[in-house]
Amino acid sequence: MKASLYHYKTLRESPSEAELVSHKLMIRANMIKPLASGIYNWLPLGFKVLKKVENIVREEMDSSGCLEILMPMVQPKDLWDETGRSNEYGPELLGFRDRNDRDFYLGPTHEEVVTDIGRKEIKSPKDLPITFYQIQTKFRDEIRPRFGVMRAREFLMKDAYSFDIDEEAMKRSYQLIRNVYIKIFDRLGLDYRIVNADSGSIGGSSSEEFHVLADSGEDVLAFSDESDFACNVELIEEKDIGKIPGMPSPDGKGTLQIKKGIEVGHIFQLGDKYSKALGLKVQSDNVLKFLQMGCYGIGISRIVAACIEQNYDDKGIIFPKELAPFDITLILINQKNSSIVDDKASAFYEKLKHSGFDVLLDDRDCSPGVKFSDADLVGCPNQIVISQKTLDNDLYEIINRADLSKKELSESDLFAFFS
RNA sequence: CGGAGUGUAGCGCAGCCUGGUAGCGCGCCUGCUUUGGGAGCAGGAUGUCGAAGGUUCGAAUCCUUUCACUCCGACCA
């Protein structure tokens, strides 16, 4: 992509409403633009990153055998009355009425709809196990949206739902998806923890959350310094929270410490809560059995913000390789007055593209400082400088965004460096 | 919903106290010069001063109402 043709416009100052680092940087990098409280436009650069997260999640879900579907965002209130959640979920449900006086909600989650699909599609134990998932916009009328896309009212989520014949099988499905989640978050390059958590209004017997560790996190996690034990302190009596640091771990291994986390994934063993409420059952061994369900969420848009919370410096975002909007930014110095720089860069750009790299060619007519600053701000992992100086020596200068170290390499060394 | 704050050009802000018809920096447009870490000079465009009502000869400024946005809290797969 040529920067002159891309909507590559950054802000020097962050708007006053932004408080969180990720929110400020996303706005300065022109990734997102607010439309209303908790409702955002995703502009080209931000959308590109969002799609990278989405694609990683999709790839891993697909390869584990989950089946992608797309459920409607608009859901009939009747369905929510069947499970009783139209009351339970409360004012977070944004509803409206159609021209025939039928009530609808904008979907905050899809247990009801997917269970309805289940009772229409799953007729026999032979149809099991099966897991459906979707990547789709959710709407929750949060009491207080904040922190940009971190806690937005409208946001992008991957939600998956497993169906099994009995509890044992359900637990297997749960474990399988738990492992998929581990793969996903490893690939995303995030520092995260899996913690026991409260199931809240989704319900079910047990649930675990995936948290990206960050000081700006809204959740407080307690975990052992020697074992895998970890939990969300929402499970602990408030008066006891202060006593946690230094306490022996409940599993007997190590002592507890506390860190803040951003919840980016949550997996639940739902049991038969929804299958009973909506009558989802099949005949097995001459008896009708309610299906055992699990549900599994990942906050796609939240991950973009959480990733930035974990990867930035005073110059801007430092995207991990898998999420960077571009692999390489080519920075042209004074290309306007040097046709050699211009020609060489164009040829090199094509070559990199053909080698499979996603490259941003910064051919804008502006001073080098602007290009360097913008490249640092949007956080692509590598910058390659092309100037008369480097061309005279037949070298390319490559700058590593993470530590801003510089290296001069010949073209062949450079390709070797990237492969 | 309780508490606090902010709305003035695309962004950041001043002006308001003490009423006199709107300004600064960045950005944007034009031209010339410049080009290795947010360039210089010259010229230029852009505002229903969040909205409505009131007071006044006159309101960005004072009063009332209202809307939006942000922060703290409660809340939150």
Side-chain angles (χ1 to χ4, degrees), chain A residues 9-20 23-24 27-28 30 33-39 85 88-93 107-112 114 138-148 150-153 155 157-161 197-204 206-211 217-219 232 234 238 262-270 273-274 294-299 302 314-316 331-338 341-342 362 364-377 383-392 397 399 404 406 408:
Chain A
K9 292 169 180 291
T10 59
L11 282 181
R12 200 181 285 211
E13 292 173 285
S14 39
S16 50
E17 81 256 22
E19 194 62 26
L20 220 58
H23 189 194
K24 286 181 184 166
I27 287 180
R28 282 190 55 206
N30 212 15
K33 199 71 103 181
L35 180 64
S37 179
I39 299 178
R85 281 212 300 178
E88 192 185 329
Y89 226 85
E92 217 172 290
L93 277 169
T109 179
H110 282 71
E111 282 81 12
E112 277 79 2
V114 83
K138 296 278 187 279
F139 193 95
R140 294 181 189 176
D141 202 1
E142 296 277 355
I143 295 172
R144 187 147 96 80
R146 57 182 137 178
F147 304 146
M150 190 76 85
R151 178 175 292 287
R153 291 192 291 172
F155 59 98
M157 181 176 185
K158 189 283 305 174
D159 47 327
Y161 305 89
D198 183 12
S199 300
S201 61
I202 295 291
S206 78
S207 81
E208 291 173 289
E209 292 171 344
F210 288 69
H211 281 264
E218 292 188 87
D219 290 86
N232 192 320
E234 70 191 2
E238 196 158 342
I262 300 164
E263 181 190 342
V264 289
H266 200 156
I267 54 179
F268 301 79
Q269 296 181 17
L270 292 174
K273 172 173 174 175
Y274 295 94
C295 80
Y296 316 88
I298 289 183
R302 181 179 281 183
D314 57 348
K315 291 182 185 297
I331 296 180
L332 309 199
I333 308 287
N334 197 13
Q335 84 280 4
K336 198 174 148 194
N337 296 318
S338 166
V341 168
D342 209 13
D362 197 347
R364 293 175 300 169
D365 181 21
C366 61
S367 75
V370 174
K371 296 183 182 183
F372 284 118
S373 302
D374 282 348
D376 290 344
L377 176 62
Q383 303 162 16
I384 296 177
V385 186
I386 298 182
S387 68
Q388 193 61 54
K389 196 176 93 187
T390 58
L391 291 179
D392 286 346
E397 178 177 310
I399 303 172
L404 297 174
K406 299 177 180 179
E408 295 206 337

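Lettering of chains follows the sequences in order, A, B, ..., and the numbering in each one begins at 1. For clarity, every value in this text was computed on a predicted model and none was experimentally measured.
Candidate nucleotides B:C11, B:C75, B:G38 were compared by shortest atom distance to the side chain of A:S373, and B:G38 ranks first. The nucleotide whose nearest atom lies closest to any side-chain atom of A:R12 is, among B:G37, B:G38, B:C71, B:G38. Which of B:G36, B:G38, B:C71 sits closest to the side chain of A:R144 comes down to B:C71. Each of B:U35, B:U70, B:G38 was ranked by its minimum atom distance to the side chain of A:E17; first place goes to B:U70. Of the candidate nucleotides B:G37, B:G38, B:C11, B:C11 has the atom nearest to the side chain of A:E13. Nearest nucleotide to the A:K336 side chain, out of B:U35, B:C76, B:G12: B:U35. The side chain of A:I143 approaches B:C1 more closely than any other nucleotide in the set B:G36, B:C1, B:G25. For A:P15, taking side-chain heavy atoms from C-beta onward, the closest of the listed nucleotides B:G12, B:G36, B:U70 is B:G12. Of the candidates B:G38, B:G36, B:G73, the closest approach to any side-chain atom of A:D374 belongs to B:G38.
Between the C1' atom of B:A4 and the CD atom of A:E19 lies a distance of 14 Å, rounded to the nearest Å. Distance NZ (A:K33) to C1' (B:C69): 16 Å, rounded to an integer number of Å. Rounded to whole Å, the distance from CG on A:D314 to P on B:G37 is 17 Å. The distance from atom CZ of A:F147 to atom C1' of B:C75 is 14 Å, rounded to the nearest whole Å. One interatomic measurement links the two molecules: CZ of A:R28 to P of B:C11, which rounds to 16 Å at whole-angstrom precision. Rounded to a whole Å, the CD1 atom of A:I384 is 16 Å from the C1' atom of B:G36. Rounded to an integer number of Å, the gap from A:H266 NE2 to B:C76 C1' is 12 Å. Rounded to whole angstrom, the span from the CG atom of A:L11 across to the P atom of B:G12 amounts to 8 Å.
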Salt bridge (charged side-chain N to carboxylate O under 4.0 Å, His left out) assessment of A:K336 paired with A:D342: CA-CA 7 Å; A:K336 198 174 148 194; A:D342 209 13; over 6 Å; no
Side chain to side chain donor-acceptor pair (under 3.5 Å) assessment of A:D362 paired with A:Q383: CA-CA 10 Å; A:D362 197 347; A:Q383 303 162 16; over 6 Å; no
Audit row: A:E17, A:K24, side chain to side chain contact (heavy atoms under 4.5 Å, CB included) steps and yes/no: CA-CA 9 Å; A:E17 81 256 22; A:K24 286 181 184 166; over 6 Å; no
Derivation of the side chain to side chain contact (heavy atoms under 4.5 Å, CB included) call for A:H211 and A:D219: CA-CA 9 Å; A:H211 281 264; A:D219 290 86; 3.4 Å; yes
Working for side chain to side chain contact (heavy atoms under 4.5 Å, CB included), residues A:V385 and A:K406: CA-CA 10 Å; A:V385 186; A:K406 299 177 180 179; over 6 Å; no
Verdict with supporting geometry, A:T10 and A:N30, side chain to side chain donor-acceptor pair (under 3.5 Å): CA-CA 6 Å; A:T10 59; A:N30 212 15; over 6 Å; no
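Contact annotation: A:R146 side-chain N/O to B:C72 OP1/OP2 distance is under 4.0 Å. Considering only side-chain N and O atoms, A:S16 lies under 4.0 angstrom from the phosphate OP1 or OP2 of B:G12.
Using atom P as the reference point in both B:G23 and B:C69, the two lie 31 Å apart (nearest Å). Separating the C1' atom of B:U21 from that of B:C67 is a span of 26 Å, rounded to the nearest Å. Spacing between B:U34 and B:C17 at atom C1', rounded to whole Å, works out to 47 Å. Comparing B:A60 with B:A9, their C1' atoms sit 14 Å apart, to the nearest whole Å. Nucleotides B:G47 and B:C13 have their C1' atoms positioned 15 Å apart, rounded to a whole Å. Nucleotides B:G25 and B:C32 have their C1' atoms positioned 24 Å apart, rounded to a whole Å. To the nearest whole angstrom, the two C1' atoms, one in B:G73 and one in B:G50, are 27 Å apart. Using atom C1' as the reference point in both B:G36 and B:C28, the two lie 26 Å apart (nearest Å).
Checking B:G5 for Watson-Crick or G-U wobble geometry (two distances, each under 3.5 Å) identifies B:C69 as its partner. When Watson-Crick and G-U wobble pairs are counted only if both distances are under 3.5 Å, B:C28 pairs with B:G44. With a 3.5 Å ceiling on both atom-pair distances, B:C49 lacks any Watson-Crick or G-U wobble partner. When Watson-Crick and G-U wobble pairs are counted only if both distances are under 3.5 Å, B:U61 pairs with no nucleotide at all. The partner of B:U21 is absent, by the rule that a Watson-Crick or G-U pair needs both atom distances under 3.5 Å.
Within the nucleic acid shown, A:I399 comes within 4.0 Å of at least one base atom, counting heavy atoms only. The residue A:Q335 sits apart from the nucleic acid: no heavy atom pair falls under 4.0 Å. Backbone-only engagement by A:S37 is indicated by non-hydrogen atom pairs under 4.0 Å involving sugar-phosphate atoms exclusively. Base contact: A:P108 has a heavy atom under 4.0 Å from a base atom. Across all strands shown, A:T390 has heavy atoms under 4.0 Å from base atoms, whether or not it also approaches the sugar-phosphate.
Two residues, A:E92 and A:K371, neighbour RNA chain B, and the one matched to the more 5' nucleotide by heavy-atom proximity is A:K371. Between A:G297 and A:P145, the residue anchored closer to the 5' end of RNA chain B is A:P145, taking for each the nucleotide with the nearest heavy atom.
For the atom pair A:L93 CG and A:E88 CD, the distance stands at 10.0 Å (nearest 0.5 Å).
The base of B:G38 has none of its N or O atoms less than 3.5 Å from a complementary donor or acceptor on the side chain of A:S367.
No side-chain donor-acceptor contact under 3.5 Å links A:N334 and A:Q388.
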